[in-house]
Amino acid sequence: MTMAKQVGDARTWIRGARLVTAAGDQGTADLAFAGGVIEGPTPQGPVDVEVDGSGLVLTPAFIDPHVHLREPGFEVKEDLASGLAAAAAGGFGTVVSMANTDPVIDEPGLVRWLIEKAASLPGARLHPAAAVTMGLGGTTLTDAAALKEAGAVMLTDDGIPVSDGEVMRRACEWAADLGLVVQTHSEDPTLRRDGVMNEGAVSERMGLPGNPRIAEASMVYRDCAIAAFTGARVHIAHVTCREALDVVAHFKERGAPVTCEVTPQHLSLTDEAFASFDPIYKVAPPLRTQDDVDALREGVKRGVVDCIGTDHAPHTRDEKHADLLSAPFGIANIEVAFPVLYEALVKSGDLDLSALLRLLQDGPAHVMGWDAPTLDVGAPADVVLLDLEAARVVDPSTFKSKAKFGPWDAQTLQGWPVKTWVAGHLAFDRAESGR
Ligand code: DOR
Ligand code: ZN
């Protein structure tokens with residue numbers, strides 16, 4: 001069903017880059033691609049574009065199982081063109097878009113429309129998720145079989161927890177039959193209430209309504225238990241606290257078909273950021289404490305965490321500049337995700353580069369049930385060149401995303417994507433963007 005991405009015509013030869021994948025460092029080599037696929041170290045015909053890769057790392061473009069591209073309905077925040085361009089600028093070749101648009105992606109026609117529209121755009125490849133329940137209403141299941149047939153790769157009500165356990169159970173029973181992954185936004189609404197930040201010392205100090213970690217941990221337990229019971233592949237989105245990660249580890253140890261992701265923001269920021277009263281940090285589930293950040297990093301090291309999901313969640317500046325109580329939840333991050341992760345996980349000494357790449361390549365592919373991306377002959381020419389030495393000041397005015405602001409603005413970060421190709425097309429070139 002999936003409409004093919006337009007294939008890049010130019011035979012491209014990247015010379016002298018260091019090839020690194022999740023499998024390890026393969027040393028300095030050349031890589032040629034044409035017709036949208038990798039040809040190997042040597043071009044199989046006349047070269048159109050030669051790229052000097054010296055001093056750079058060449059690796060498969062990243063996969064993001066969790067982005068909000070806002071089209072249809074919220075194009076003022078982001079649209080397919082800006083979101084897919086932003087993804088490519090972040091080094092991502094493939095993204096899974098969430099269903100909390102307007103209308104909600106709960107009908108096969110909408111899935112087909114998204115796929116067709118995205119295929120005609122430059123930037124990353126799009127695989128849409130579809131909703132678990134009609135209109136994200138939490139009561140009536142969508143037609144998962146028809147949605148899958150139309151090209152939906154995941155079921156999720158992300159943004160809103162599926163609060164009714166029976167609905168979640170039946171959705172997982174269908175999904176298990178269909179082999180579809182169900183992604184959860186695990187926060188018990190009756191415990192979360194109107195919390196705008198993590199419940200703890202900082203929320204008490206600031207007098208702001210807190211969202212307690214038990215809201216997350218208890219629903220992660222329910223969702224993992226339903227996965228174990230139904231046999232459905234359940235993917236826990238944005239795990240943020242120690243207790244929730246412990247629950248995932250518990251179920252994984254017992255062989256439950258559960259995977260989980262963490263976000264760049266939850267690996268690098270804490271609720272102390274709220275001392276500024278800046279709603280830019282308002283996200284659901286919330287930024288937690290340093291102990292939680294430590295737990296997530298340990299979970300990444302131990303392999304409990306399967307992958308990174310950015311949860312790129314753009315909103316307008318006006319919306320995010322509202323007061324803390326009324327501003328929407330969400331952080332736009334896809335263009336800085338890699339340097340944020342490189343700083344937090346690799347420069348910190350927690351992971352080597354290959355282990356970080358695993359979280360952005362093999363890990364999300366495994367979650368989705370896809371083949372792991374490679375640089376092998378015949379593989380799709382979805383590749384990214386990374387400059388690991390360059391430290392750059394984050395300049396949001398250069399973002400392709402419509403959300404030209406974020407928590408890392410004006411910070412100096414190291415490790416940046418410089419060129420991204422998707423199906424052999426140059427989908428992002430930092431040199432051209434003047435940044
Ligand atoms: O912070 C969030 N923003 N969490 C969600 O679950 C939804 C997302 C959004 O759509 O903005
Ligand atoms: Zn989300």
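Every number for a ligand or one of its atoms is a count from 1 in the order of the listing. The figures here come from the full heavy-atom set of this structure, side chains too, leaving out hydrogens, waters and symmetry mates. Along the sequence shown, the residues carry numbers beginning at 1.
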Does any donor atom in the side chain of T133 or D157 lie under 3.5 Å from an acceptor atom in the other side chain?
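Checked: T133/D157 side chains pair up, N/O donor to acceptor below 3.5 Å.
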
H66 versus E261, side-chain donor and acceptor atoms under 3.5 Å
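Yes, a side-chain donor-acceptor pair sits under 3.5 Å.
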
Heavy-atom count around F251 CZ within 6.0 Å, excluding the residue itself: above 12?
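Yes, the 6.0 Å shell around CZ holds more than 12 heavy atoms from other groups.
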
With a sphere of 6.0 Å drawn around CG of D25, does it hold more than 12 non-hydrogen atoms of other residues, nucleotides or ligands?
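Enclosed: over 12 neighbouring heavy atoms sit under 6.0 Å from CG of D25.
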
Identify, chain by chain and in numerical order, each protein residue with a heavy atom under 4.0 Å from an atom of ligand 1.
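Close residues (ligand 1, cut-off 4.0 Å): H68, R70, N100, D158, G159, H185, V283, A284, A313, H315, F329, G330.
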
Just wondering, do W421 and F33 contact through their side chains at under 4.5 Å, heavy atoms?
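They are in contact (side-chain heavy atoms under 4.5 Å apart), so the answer is yes.
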
Side-chain heavy atoms of E243 within contact of D292, under 4.5 Å:
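Yes - at least one pair of side-chain heavy atoms lies under 4.5 Å apart.
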
L267 and its side chain to side chain contact (heavy atoms under 4.5 Å, CB included) partner, picked from T240, L345, V340
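Considering T240, L345, V340, a side chain to side chain contact (heavy atoms under 4.5 Å, CB included) with L267 is found only for L345.
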
H185 vs H238 aromatic rings, parallel, tilted or perpendicular, using cut-offs 30° and 60°?
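Plane angle over 60°, so perpendicular.
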
For a quick test of reading the model, state the closest non-hydrogen atom pair linking A22 to L357 and the distance between them.
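Nearest heavy atoms, A22 then L357: N-CB, 4.3 Å.
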
Return the set of protein N, O or S atoms whose distance to the Zn ion (ligand 2) is under 2.8 Å, each given as residue and atom.
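You should have found H66 NE2, H68 NE2, D158 OD2, D311 OD1.
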
